[in-house]
Amino acid sequence: MVRGARVLNAGVQTAQIEGGSALAATMRGAPHADILIKDDTIAEVGPPGLEAPAEAAVIDASDRLLIPGLINAHTHSHGNIPRSMGDRWTLELALSANSAIRSNQSDADKYLGAQLGAAELIRKGCTACFDLVYEFPEPTIDGLTALGQGYADAGMRAVVAPLMATQSFYAAIPGLLQALPDHVQNAFGKSQRISPSERSLAVTRKALHDWPFDRSRVKLGVAPHSPLHSSDEFLVGTQQLAREFDVGVHTHLAESKVQAVAGMRRYGKTLTAHLADLGVLGPNFTAAHGLWLDRDDMKRLADAGASVAHNPASNMRYGSGLAAVRLMLDCGLNVGWGTDSRSCSDNLNMFEAMRLASFTSRVQGPDYQRWLTTDEALGMATVNSARLLGFGDDLGLIAPGYKADIVFLDLRNLNYIPLNSAVNQVVNAEDATGVDSVMIGGRMVLDHGRLTTIDVDRLAHSAEAAMARLWEVNGEALELALRLEDVVGSFCVGLAQSPYHVHR
């Protein structure tokens with residue numbers, strides 16, 4: 001693929017991609033183009049025959065469709081080792097088992113989880129992600145650093161944010177804790193300890209101040225789990241901290257009807273209205289999911305310059321509902337796509353996320369003009385998600401001044417035979433089998449299907465050993481969570497059947 005003396009997987013100063021078809025900045029059409037890269041940035045995009053500097057390594061992209069690296073707006077690396085857990089689980093049943101499945105991960109496990117996620121994401125054409133990481137009962141500097149190192153060693157961009165809360169799932173849903181048997185309430189009172197908000201914020205502040213990684217590659221964010229799991233003081237504190245360090249705030253918002261009803265019962269208004277009254281919304285704020293937002297909620301978020309991370313696969317796996325993405329766009333919201341975690345959508349395939357998001361927009365009504373177009377879907381997986389991650393001026397386009405994060409799709413793959421519409425086929429037909437190579441910052445991290453920065457055989461061995469250990473230490477807690485399925489499930493189904501009208 002590469003002609004010239006420089007080896008791309010070791011990084012280059014100057015390179016030129018020749019002979020490929022590059023997706024246009026409009027996300028419509030893919031004309032033949034040559035791309036000049038200097039350091040980690042695209043310097044020029046020109047017609048075929050663009051003169052390459054004498055020192056440039058030349059990359060032959062014949063029979064390749066070049067698209068911007070896909071950007072995952074919402075995932076959880078703590079689910080990469082205990083992946084694909086549960087079957088007929090609602091969101092609430094998954095949260096009930098959350099600590100039993102994800103607890104007791106060592107710093108080495110966190111590094112491994114980041115590497116596993118990066119390997120799958122890169123192999124499937126994704127070059128950056130927003131990773132909300134389970135750090136209960138409180139975040140740790142060593143744990144966050146291990147995660148950052150995992151992404152840095154993989155050569156992948158990421159925003160790492162500790163997922164924090166001030167109360168447990170059982171206390172977050174009004175009435176649920178009291179519905180549990182007395183002996184279980186006592187057990188959870190002892191085992192579901194949540195860190196005081198001051199300590200979590202202090203640890204996060206230190207991590208933000210001392211972050212050792214290149215923030216153009218791997219940076220920190222702040223992630224209160226959800227409004228129901230967080231005190232008002234903590235929510236305000238996380239936003240103040242984020243504004244001080246100019247980073248993003250990312251939280252789960254209105255993900256299920258149970259959350260929507262619980263929010264109304266607790267606050268007498270929607271969760272989003274409550275956040276707005278607290279002053280937590282802003283251009284650095286991301287709401288994950290947002291299935292149960294009404295039109296007024298969407299306008300509140302849009303007026304604040306906030307974003308929504310849409311995760312169609314996990315929304316359907318948990319039976320939570322379908323997001324009203326067209327209405328979000330009508331209200332002026334920035335919407336990006338996410339995969340969620342390997343334990344609730346079972347893979348990290350952004351092509352699947354795009355396809356599902358596009359198709360679920362179509363089953364919500366017969367007016368085809370309200371359906372998402374494929375160029376909109378692709379733009380949300382690139383430009384919009386880049387903005388959500390705080391990389392809006394650097395990622396998401398193949399254009400001068402943008403980072404050289406480029407996916408090489410093989411036009412000889414059956415997904416593109418024959419090639420009738422590049423954008424339609426990327427969104428509707430691509431399943432990641434057409435991904436041939438991936439460049440991040442001018443460096444080949446996937447070269448003809450081979451990961452150059454990650455040893456998958458080593459990962460496989462380490463993951464099996466880690467999962468065996470986690471089963472051993474978490475098995476008793478998981479058994480308890482499974483015994484509680486009926487009581488938790490029936491309580492939450494009853495709550496979800498409460499009258500609740502979304503004004504759209």
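All heavy atoms count here, side chains included; hydrogens, waters and symmetry mates do not. This chain uses plain numbering: 1 for the first residue, then up along the sequence.
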Does the pair Arg64/Glu18 count as a salt bridge with the N-to-O cut at 4.0 Å?
no

Looking only at atom types and distance, does a side-chain atom of Gln16 sit under 3.5 Å from a main-chain N or O of Leu50, one as donor and one as acceptor?
yes

Between Ile17 and Val58, is a side chain to side chain contact (heavy atoms under 4.5 Å, CB included) present by the stated rule, with each step listed?
CA-CA 6 Å; Ile17 303 172; Val58 177; over 6 Å; no

Check whether Gln425 reaches the backbone of Asn420 with its side chain - one donor and one acceptor, N or O, closer than 3.5 Å.
yes

Taking the side chain as C-beta and beyond, is there a heavy-atom pair between Tyr134 and Ser103 under 4.5 Å?
yes

Looking at every non-hydrogen atom in both residues, tell me the closest pair between Tyr402 and Gly396 and how far apart they are.
CD2-N, 4.4 Å

Taking atom types as modelled and ignoring hydrogens, do the side chains of Ser345 and Asp340 form a donor-acceptor contact shorter than 3.5 angstrom?
no

Does any donor atom in the side chain of Asn424 or Thr374 lie under 3.5 Å from an acceptor atom in the other side chain?
yes

pair Ser343-Ser84: side-chain heavy atoms closer than 4.5 Å
no

Minimal heavy-atom distance between Val423 and Leu23, with the atoms involved, is CG2-CD1, 3.6 Å

Using the rule given for side-chain hydrogen bond (donor to acceptor under 3.5 Å, both in side chains), can you reason through Asn284 versus Gln239, listing the C-alpha separation, both sets of side-chain angles and the distance that settles it, and then say yes or no?
CA-CA 9 Å; Asn284 68 338; Gln239 180 58 276; 2.9 Å; yes

Between Thr140 and Asp142, do the side chains contain an N or O donor and an N or O acceptor separated by less than 3.5 Å?
no

Worked verdict on Leu163 versus Leu132 for side chain to side chain contact (heavy atoms under 4.5 Å, CB included):
CA-CA 6 Å; Leu163 198 59; Leu132 293 78; 3.9 Å; yes

Using every non-hydrogen atom in the two residues, find where Ala324 and Gln364 come nearest and quote the distance to one decimal.
CA-OE1, 4.1 Å

Just how far is it from atom CD1 of Ile81 to atom CG of Leu116, taken to the nearest 0.5 Å?
6.0 Å

Can you find a heavy atom in the side chain of Leu70 that is under 4.5 Å from one in the side chain of Phe351?
yes

Which heavy atom of Ala154 sits nearest a heavy atom of Ile454, and at what distance?
CB-CD1, 3.6 Å

Taking the side chain as everything from C-beta on, heavy atoms only, tell me whether Pro162 gets closer than 4.5 Å to Glu138.
no

Do Thr14 and Ile37 have side chains that get closer than 4.5 Å, going by heavy atoms?
no

Charged N to carboxylate O under 4.0 angstrom, Arg205 versus Glu244?
yes

Considering only NZ, NE, NH1 and NH2 on the basic side and carboxylate oxygens on the acidic side, decide whether Lys38 and Glu44 come within less than 4.0 Å.
no

Is any side-chain heavy atom of Leu121 closer than 4.5 Å to a side-chain heavy atom of Cys129?
yes

In terms of ring plane angle, is the pair His252 and His76 parallel, tilted or perpendicular, where the classes change at 30° and 60°?
parallel

May I have the step-by-step check of salt bridge (charged side-chain N to carboxylate O under 4.0 Å, His left out) for Asp346 and Arg83, ending in yes or no?
CA-CA 7 Å; Asp346 302 279; Arg83 66 171 302 169; 5.7 Å; no

For the pair Ser385 (side chain) and Thr382 (backbone), establish whether a donor and an acceptor sit closer than 3.5 Å, ignoring hydrogens and angles.
no

Measuring from atom CZ of Phe391 to atom CG of Asp393, what distance do you get when rounded to the nearest 0.5 angstrom?
11.5 Å

What heavy-atom pair brings Phe130 and Ala161 nearest, and what distance separates the two atoms?
CE2-CB, 3.8 Å

Check against side chain to side chain contact (heavy atoms under 4.5 Å, CB included), Trp337 and Met350:
CA-CA 8 Å; Trp337 301 150; Met350 280 293 293; 3.8 Å; yes

Measure the acute angle between the ring planes of Trp211 and Phe213, then classify it against the limits of 30° and 60° as parallel, tilted or perpendicular.
perpendicular

How many angstroms lie between CE in Met156 and CG in Asp131, if you round to the nearest 0.5 Å?
9.0 Å

Give a yes-or-no answer on whether the side chains of Thr41 and Asp39 include a donor-acceptor pair shorter than 3.5 Å.
no

Quick test of your reading of the model: are Asp40 and Lys403 salt-bridged, counting only N-O distances below 4.0 Å?
yes

May I ask you to say whether Asp297 pairs ionically with Arg300, meaning some side-chain N is under 4.0 Å from a carboxylate O?
yes

Between Asp303 and Lys299, does any side-chain N to carboxylate O distance fall below 4.0 Å?
no

Note, His289 side chain near Ser314 side chain (heavy atom, < 4.5 Å):
yes

Nearest 0.5 Å, what's the OG-CG distance between Ser21 and Leu411?
6.0 Å

Hey, is Lys110 close enough to Glu135 for a salt bridge, meaning N to O under 4.0 Å?
yes

Could you tell me whether the side chain of Arg157 and the main chain of Thr127 form a donor-acceptor pair under 3.5 Å?
no

Rounded to the nearest 0.5 Å, what separation is found between the CZ atom of Arg387 and the CG atom of Asn334?
4.0 Å

Might you work through the ring pair (Phe, Tyr, Trp, His ring centres under 6.0 Å) test for His250 and His74, ending with a clear yes or no?
CA-CA 9 Å; His250 197 131; His74 183 85; 5.0 Å; yes

Got a donor-acceptor contact below 3.5 angstrom from the Lys124 side chain to the Ala119 backbone?
no

Under the side-chain hydrogen bond (donor to acceptor under 3.5 Å, both in side chains) criterion, do Asn415 and Asp431 qualify, and how do the steps go?
CA-CA 8 Å; Asn415 294 332; Asp431 54 4; 3.2 Å; yes

When you measure from the side chain of Ser358 to the backbone of Met354, do you find a donor-acceptor pair of N or O atoms at a distance under 3.5 Å?
no

Separation of Asp210 CG from Leu144 CG (nearest 0.5 Å)
12.0 Å

Judged by atom type as modelled, is there a donor-acceptor pair below 3.5 Å linking the side chain of Glu430 to the main-chain atoms of Gly434?
yes

For Gly117 and Leu348, work out which heavy atoms get closest and say how close.
CA-CD1, 3.7 Å

Evaluation steps, salt bridge (charged side-chain N to carboxylate O under 4.0 Å, His left out), between Glu376 and Arg326
CA-CA 10 Å; Glu376 285 178 316; Arg326 174 58 68 195; 2.7 Å; yes

Begin with the C-alpha distance, continue with both residues' side-chain angles, and end with the deciding distance and a verdict on side chain to side chain contact (heavy atoms under 4.5 Å, CB included) for Leu65 and Tyr416.
CA-CA 10 Å; Leu65 173 62; Tyr416 301 100; 4.3 Å; yes

Given 3.5 Å as the limit, does a donor-acceptor pair link the side chain of Arg123 with the main chain of Val435, or not?
yes

May I ask you to decide if His448's main-chain N or O and Ser437's side chain share a donor-acceptor pair within less than 3.5 Å?
yes

What I want to check is whether the side chains of Asn80 and Gln115 have a donor and an acceptor closer together than 3.5 Å.
no

Are the side chain of Thr251 and the backbone of Pro224 linked by a donor-acceptor contact shorter than 3.5 Å?
yes

Considering only NZ, NE, NH1 and NH2 on the basic side and carboxylate oxygens on the acidic side, decide whether Arg412 and Asp410 come within less than 4.0 Å.
yes

Does a side-chain heavy-atom distance below 4.5 Å link Asp405 with Pro68?
no

